[in-house]
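These notes concern the structure reproduced below.
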Amino acid sequence: MKILANDGISKSGIEILESKGFEVISTKVAQNQLENYINDNNIDAIIVKNNTQVRQELIEACPSIKLIGCAGVIMDNIDADYAVDNGVHVINTPSAISNAIGELVFAHLFGITRFLHQSNRDMPLEGDSRFNTLKKQYAKGVELRGKTIGIIGFDSIGQAVAKIALGVGMNVIATDSNVERATINIPFFNGQSANIEIETTSFDEVIKEADFISLHLSNQEDYILEETQFNNMKDGVGIINTSQGNLINEVALVNAIESGKVKYAGLDVFDNEPTPAIQLLMNPEISLTPHIGPLTLEVEERTGVELANQIIKLLSE
């Protein structure tokens, strides 16, 4: 069987597939040439990231396709429902990226609670002339241990955040319409581990009780955090979004920061990518990253392996 890895796949993934007799083609095919290439080469499966569109028209025009693989979680570029309804397997790799996103959440949390995003701007400019002033300015950080983190969306990524939070010593509350409870396994360096059961609660309870809130949902029709939700939060709450840019009304977020309702904010995703609103980019209170949550060297390897194993299981039957 032939697999077109149009947006690439790790060497480990290729080796696993080839060991089972699959032919992996890593040629990058332009979107407007994809239909002809798939049909001319009788491609059985296509692996994409978010750079390649796999829409209904392409699926209809390429009857040889038996599987569509997404290297990641978000499949906005794939007409997945149509594919599945027409007998095409659609797979993604949520477990491969969970830890990377969980660590980025805490990179933002550790940074904003000790004002690293601000002091890293000020120190190069004024560290030699206003050292003691800056020291006083950034001396009122807080510790995460003992605080409550509210996780909205408790799939594998939300649970990865919970794992780190529990290790740090935080109280974890979570909400998810599809997950009632989860067992969080916390591994230690010596091979031992601890299991902690977490039962999910209501969205309103998370909003009300959390000191910090981390979002982990797929695309929604409407914002889930608007002025009303911000008003119901604790004063001085922290917000982290490494999930989807359209989950937060960004105007309401800026207003909540200016009023002091939100003291800490970290954003990896934005409502208008790749040109985020200037009021976010220029706001010194917000820790910013350019949608790098699932982008690590380790994720690249794990994604390739996870895709390969799923493909073997589904197409070797």
Side-chain angles (χ1 to χ4, degrees), residues 1-101 155-157 160 218-219 243-244 269 273-274 290-317:
M1 287 190 173
K2 294 181 180 180
I3 300 169
L4 174 62
N6 204 51
D7 296 325
I9 185 174
S10 69
K11 182 179 179 181
S12 298
I14 293 174
E15 291 174 349
I16 291 171
L17 288 166
E18 290 180 342
S19 72
K20 297 297 183 179
F22 290 86
E23 179 184 349
V24 181
I25 302 169
S26 298
T27 303
K28 174 63 178 178
V29 182
Q31 186 73 47
N32 61 359
Q33 299 173 3
L34 203 52
E35 177 184 329
N36 289 338
Y37 187 92
I38 290 172
N39 290 328
D40 290 346
N41 292 276
N42 198 33
I43 300 297
D44 297 283
I46 181 171
I47 296 172
V48 301
K49 296 179 182 177
N50 58 6
N51 301 317
T52 301
Q53 303 290 314
V54 186
R55 298 300 181 192
Q56 177 177 338
E57 295 78 11
L58 182 66
I59 299 168
E60 280 182 328
C62 301
S64 67
I65 291 293
K66 303 175 183 65
L67 181 145
I68 303 166
C70 172
V73 175
I74 306 303
M75 298 192 290
D76 294 342
N77 56 318
I78 301 170
D79 284 338
D81 290 341
Y82 176 82
V84 171
D85 289 344
N86 285 272
V88 178
H89 298 291
V90 180
I91 60 175
N92 62 357
T93 58
S95 62
I97 68 172
S98 299
N99 184 70
I101 294 178
D155 61 5
S156 61
I157 298 174
S218 59
N219 277 326
S243 182
Q244 296 290 321
V269 290
E273 292 187 21
H291 204 157
I292 60 171
L295 304 180
T296 67
L297 298 176
E298 291 85 354
V299 163
E300 188 76 16
E301 283 298 307
R302 288 195 300 267
T303 296
V305 170
E306 187 173 339
L307 282 171
N309 288 332
Q310 290 188 71
I311 290 169
I312 292 167
K313 180 179 179 181
L314 291 170
L315 297 187
S316 297
E317 295 177 345

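Just so it is clear, the values below take in all heavy atoms, side chains as well, and ignore hydrogens, waters and symmetry mates.
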Taking distance alone, no hydrogens or angles, what donor-acceptor pairs closer than 3.5 Å link side-chain atoms of residues 66-75 to residues at least two apart or in another chain?
unit_1: Lys66; atom_1: NZ; unit_2: Asp44; atom_2: OD1; d: 2.5
unit_1: Lys66; atom_1: NZ; unit_2: Ser64; atom_2: O; d: 3.4

(message) Restricting to side-chain contact (heavy atoms from CB on, under 4.5 Å), what partner residues turn up for Ser12, sequence neighbours left out?
(response) Ser10, Glu301, Val305
(request) Identify, with sequence neighbours excluded, every residue that meets salt bridge (charged side-chain N to carboxylate O under 4.0 Å, His left out) alongside Lys28. (result) Asp7
(request) Would you please name every residue forming a side-chain hydrogen bond (donor to acceptor under 3.5 Å, both in side chains) with Asn92, sequence neighbours left out? (result) none
(message) So, using side-chain contact (heavy atoms from CB on, under 4.5 Å) as the criterion, who are the partners of Asp81 when residues are at least two apart?
(response) none
(request) Could you pull out all residues at least two apart from Asp155 that satisfy salt bridge (charged side-chain N to carboxylate O under 4.0 Å, His left out)? (result) none
(request) Apply side-chain hydrogen bond (donor to acceptor under 3.5 Å, both in side chains) to Gln244 and list each qualifying residue two or more places apart in sequence or on a separate chain. (result) none
(request) Could you name each residue pair satisfying salt bridge (charged side-chain N to carboxylate O under 4.0 Å, His left out) that touches residues 45-55, not counting sequence neighbours? (result) Lys49-Glu300, Arg55-Asp79
(message) Glu273: which residues meet the side-chain hydrogen bond (donor to acceptor under 3.5 Å, both in side chains) condition with it, sequence neighbours left out?
(response) His291
(message) Can you list everything that forms a side-chain hydrogen bond (donor to acceptor under 3.5 Å, both in side chains) with Ser218? Sequence neighbours excluded, please.
(response) none
(message) Run the side-chain contact (heavy atoms from CB on, under 4.5 Å) test against Ser156 and tell me which residues pass, sequence neighbours left out.
(response) Pro94, Ser98
(message) The criterion is side-chain contact (heavy atoms from CB on, under 4.5 Å); which residues satisfy it with Asn41, sequence neighbours excluded?
(response) Tyr37, Ile43
